[in-house]
Amino acid sequence: MKKKSMIGLARWITDKYIYVMLGVFPLFWGGGYPNITEPKALFFYGATALWLLCVLILGALSALRREGFRPALRPVHWALAAFLLLAAVSALLSPWWQNSLLGAPSTNGKPRYDGFATLVCYGALFFGVSLLARPKRSYVWVMAGAAALCCLVAALQLLGFDPFGLYPSGTNYYDKFGAYSGAFLGTIGNIGLLGQYLCIVTPVTAVSGLRAKRRWERIYLLSAAALCLVILAFSQAEAAYVGTLACVLVCVPVLLPTKKARRAAGLCSVLAVAAGLAVLWFWPGQSGTLWEASRVLHGDIRDEFGSRRIEIWRGALALVPERPLLGGGPGTFGERIDISWSRFIEETGQMRTAVVSNAHNLYLAYLVNNGALGLAAYLACIACSAVTWVRGRFNGDYIGAAGCGLLCCMVQDFFCVALSLAAPVMWVVWALMESGDARPEEETEEAAPPEEEPEAAPPEETEGAAPPPEKEAAGAE
């Protein structure tokens with residue numbers, strides 16, 4: 001009779017959790033856009049808690065049975081452990097500790113779900129997936145399929161339809177910033193967060209498609225990536241445009257197979273950046289994002305630039321000296337910042353007030369909330385994974401593709417809000433890249449069952465062999 005390996009079961013459950021986070025979570029909305037943050041956050045918390053509970057129980061049983069599982073920790077694991085430890089200390093010492101667990105309330109009175117609980121879920125996800133799972137081609141297939149379905153919903157919305165009733169009653173996408181506050185597309189929500197999701201999915205899908213050996217797989221993945229790019233182009237998620245451009249300029253020179261080609265592509269990227277800066281310097285317009293970028297190059301940095309991001313960033317930086325090392329506590333930015341503005345809405349004939357509750361910059365949010373030490377630990381995680389990417393980009397298909405997605409997403413994060421509507425997908429992709437052996441496993445028609453450990457077989461008797469001594473036989477029992 002064979003014994004079930006507890007670690008094998010933990011790997012099997014982790015495999016299913018990954019499928020849920022890559023394939024189900026992005027498509028789950030739980031309600032209309034005005035309240036989409038809470039159901040998606042609770043889905044993430046619930047799925048992660050259930051998976052983690054199962055893994056911890058199986059881990060305890062494995063330890064009792066002395067199965068000898070020894071996780072191979074990498075530098076990024078130690079950096080992430082430091083980040084989580086510092087976040088815990090920051091939360092405990094925070095004057096706003098009561099809001100540090102789930103995050104400060106937003107304008108609707110509900111928490112933003114960007115506090116310490118979310119960071120713990122990110123950390124648990126990363127450790128569990130990176131230590132118990134390995135990349136599989138089917139993960140990329142599921143991710144591409146979910147992204148394509150999300151983009152199909154967005155395409156219908158861009159055509160004026162509202163197939164799932166996500167917008168407020170009687171409105172559609174083109175009533176954005178008027179009949180309702182903000183702009184929303186797809187099953188993610190805010191167009192900035194949709195851009196974050198597409199920034200992580202599109203490069204992974206595109207690079208995997210280009211490297212795929214099977215024709216159907218190449219067509220499937222590249223078609224999904226193309227659809228993502230089309231929706232991204234129409235979404236007006238400008239932060240995602242910056243991330244995508246940076247991804248192309250950096251990843252093409254890094255991933256080309258020969259040194260000569262990499263040098264040529266690197267030179268082209270440098271020349272492209274120089275040409276782009278020259279165009280921005282002499283940009284003739286008088287409004288728009290490119291004109292604002294041109295004025296910034298000339299040293300004219302105004303509060304209203306970047307949809308008032310400059311004003312928000314200046315306000316955030318002013319908070320740093322108050323608690324420079326450990327910050328105000330995870331998720332407490334909205335509790336500390338005091339910035340708002342009002343504008344007249346012609347469609348409704350009313351004044352609408354916008355209250356700032358997010359830094360619109362992930363790194364600045366970590367600096368304010370977790371302090372300089374917390375931000376340094378997070379940047380150390382990125383640096384460790386950058387080394388993994390550069391060293392292992394030709395080691396199979398996954399590391400090269402995942403590194404491109406992470407680069408695109410992390411550049412985009414410089415301009416995006418820090419919420420858990422799309423970030424869990426990035427953490428799964430990141431964890432798989434750091435799984436120790438990031439070469440995709442070969443797929444089989446059915447998922448492999450949990451590993452089994454055979455019981456020790458009795459020694460085989462051969463003809464003419466002498467029976468074991470009584471003393472040794474008794475000791476073996």
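All of these numbers come straight from a predicted model, not from anything done at the bench. The chain is numbered in sequence order, starting from 1. Heavy atoms only: backbone and side chains are in, while hydrogens, waters and symmetry mates are out.
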What are the two closest non-hydrogen atoms of [X] and [Y], and how far apart are they?
{"X": "G315", "Y": "I339", "answer": "CA-CD1, 4.2 Å"}
{"X": "I13", "Y": "C54", "answer": "CD1-CB, 3.9 Å"}
{"X": "A104", "Y": "D114", "answer": "N-OD1, 4.4 Å"}
{"X": "A224", "Y": "T205", "answer": "CB-CG2, 4.1 Å"}
{"X": "M6", "Y": "E67", "answer": "N-OE2, 2.9 Å"}
{"X": "L158", "Y": "F234", "answer": "CD1-CB, 3.7 Å"}

Below 3.5 Å, can you tabulate the donor-acceptor pairs from side chains in residues 148-156 to any protein atom, sequence neighbours excluded?
none

To the nearest 0.5 Å, tell me how far [X] [atom1] sits from [Y] [atom2].
{"X": "E335", "Y": "S100", "atom1": "CD", "atom2": "OG", "result": "10.5 Å"}
{"X": "E434", "Y": "I399", "atom1": "CD", "atom2": "CD1", "result": "7.5 Å"}
{"X": "F69", "Y": "L131", "atom1": "CZ", "atom2": "CG", "result": "6.0 Å"}

Could you give all pairs that pass the ring pair (Phe, Tyr, Trp, His ring centres under 6.0 Å) test and reach residues 399-423, with sequence neighbours left out?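 Matches after skipping sequence neighbours: W313-F414.
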Any side chain to side chain donor-acceptor pair (under 3.5 Å) pairs touching [range], not counting sequence neighbours?
{"range": "residues 364-382", "result": "none"}
{"range": "residues 257-282", "result": "none"}
{"range": "residues 36-46", "result": "E38-K110, E38-Y113, Y45-T118"}
{"range": "residues 219-235", "result": "none"}

Start with the C-alpha distance between F305 and W291, add both sets of side-chain angles, then the distance that settles ring-ring contact (aromatic ring centres under 6.0 Å, His included), and finish with yes or no. CA-CA 10 Å; F305 284 177; W291 174 76; 5.7 Å; yes
So, does [X] use its side chain to make a donor-acceptor pair with the main chain of [Y] at under 3.5 Å?
{"X": "T14", "Y": "V129", "value": "no"}
{"X": "S90", "Y": "L86", "value": "no"}
{"X": "R314", "Y": "E311", "value": "no"}
{"X": "S435", "Y": "L432", "value": "yes"}
{"X": "Y398", "Y": "V204", "value": "no"}
{"X": "S130", "Y": "F127", "value": "yes"}
{"X": "T187", "Y": "W29", "value": "no"}

Y139 vs Y19 aromatic rings, parallel, tilted or perpendicular, using cut-offs 30° and 60°? perpendicular
With sequence neighbours excluded, residues passing ring pair (Phe, Tyr, Trp, His ring centres under 6.0 Å) with Y122: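 With neighbours one apart ignored, the set is F44, W427.
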By side-chain contact (heavy atoms from CB on, under 4.5 Å), which residues pair with V387, not counting sequence neighbours?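 V387: side-chain contact (heavy atoms from CB on, under 4.5 Å) contacts with R391.
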Who pairs with L319 by side-chain contact (heavy atoms from CB on, under 4.5 Å), at least two apart in sequence or on another chain?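 Residues passing side-chain contact (heavy atoms from CB on, under 4.5 Å) with L319: E322, F333, R336, I337, V368.
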Which residue pairs pass the salt bridge (Lys or Arg N to Asp or Glu O under 4.0 Å) test when at least one of the two sits in residues 236-247, sequence neighbours left out?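 Applying salt bridge (Lys or Arg N to Asp or Glu O under 4.0 Å) to every pair that reaches into residues 236-247, excluding sequence neighbours, yields nothing.
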Inter- and intrachain pairs under salt bridge (Lys or Arg N to Asp or Glu O under 4.0 Å), touching residues 266-277, at least two apart: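 Every pair satisfying salt bridge (Lys or Arg N to Asp or Glu O under 4.0 Å) with a residue in residues 266-277: there are none.
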Suppose we screen for side chain to side chain donor-acceptor pair (under 3.5 Å). Which residues come up paired with N190, at least two apart in sequence or across chains? none
